[in-house]
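For ligands, and for the atoms within them, numbers begin at 1 and follow the listed sequence. The shown structure was predicted, so the numbers you read here are calculated from the model rather than taken from an experiment.
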Amino acid sequence: MTHNTSLHGAAHHNQVVIFLGPPGAGKGTQAERLAAEHGLTKISTGDILRDHVARGTELGQQVAPILESGKLVPDDLLIALIRDQLSKMETVRVIFDGFPRTTAQAQELEMLLEQLGAPISAVPLLEVPDDVLIARIVERGKSSGRNDDNEQVARHRQEVYRQQTQPLIDYYAARGHLKPINGVGSMDEVYQRLQQVIG
Ligand code: ADP
């Protein structure tokens, strides 16, 4: 077995980052870079679900219409998926992008992490004003190939976020994990702010 300790002194240590923020805030791009530079595995539930849709798996066929509508996939499917991902890891070094999205998912994750002995390290919240978000998603839609990246579905996704995911802000603030970050600025500026809270 080989461990890469040269880049990251703490490569054996558990590290759990949960990335919160509305659709279009830029979590995916920033999470990708944080994962690469901190030796973390990025777990993006949106990417995993879209991959199932593209491969036409049973799960993919089940969730395709839900993704297209901008609504949330049922909690039990997501929880099973995350349990599966985490159980494969010897050391839990992850950054979650797009999960949890409901209080039920957050509670299940908490139990799962407790079983694994991997406490949450930080919950950065990427804050971006609503009008900027819709504009970014519509712009992204020109090249993303995602059929939920249009203005109508984007607005619905914001609404779903407000109703079902925003309560997680208080949930993680109450536990002392929440780190609000200004998500307006260049990619590098936002990345530097994130670096400071992730450590
Ligand atoms: P964005 O954050 O840009 O809206 P994502 O790629 O994170 O997009 O998610 C796309 C879609 O995948 C969501 O609108 C939802 O249908 C589904 N999805 C992703 N993660 C979850 C989750 N944790 N719970 C329920 N549904 C999810």
Taking both backbone and side-chain atoms of [X], is any N or O found less than 3.5 Å from an N or O belonging to ligand 1?
| X | answer |
| --- | --- |
| G98 | yes |
| T45 | yes |
| R146 | yes |
| V73 | yes |

Are [X] and [Y] within salt-bridge range, i.e. N to O under 4.0 Å?
| X | Y | result |
| --- | --- | --- |
| D130 | R162 | yes |
| D131 | R136 | no |
| K42 | D47 | yes |
| R155 | E159 | no |

Selected option - heavy-atom contact closest to atom 5 (P) of ligand 1, from R101, R140, Q105 |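 Among R101, R140, Q105, the closest heavy atom to atom 5 (P) of ligand 1 comes from R101.
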Considering the heavy atoms of K71, write down every atom of ligand 1 situated less than 4.0 Å from one of them.
-> 14 (O), 15 (C), 16 (O)
What protein heavy atom sits nearest [atom], and how far off is it?
| atom | answer |
| --- | --- |
| atom 1 (P) of ligand 1 | R157 NH2, 3.5 Å |
| atom 11 (C) of ligand 1 | L67 CG, 4.0 Å |
| atom 18 (N) of ligand 1 | L49 CD1, 3.5 Å |

When rounded to the nearest 0.5 angstrom, what is the spacing between CD in Q62 and OG1 in T57?
-> 9.0 Å
Looking just at side-chain N and O atoms, do Q195 and H38 make a donor-acceptor pair shorter than 3.5 Å?
->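 Their side chains do contain a donor-acceptor pair, which is all the 3.5 Å distance test asks for.
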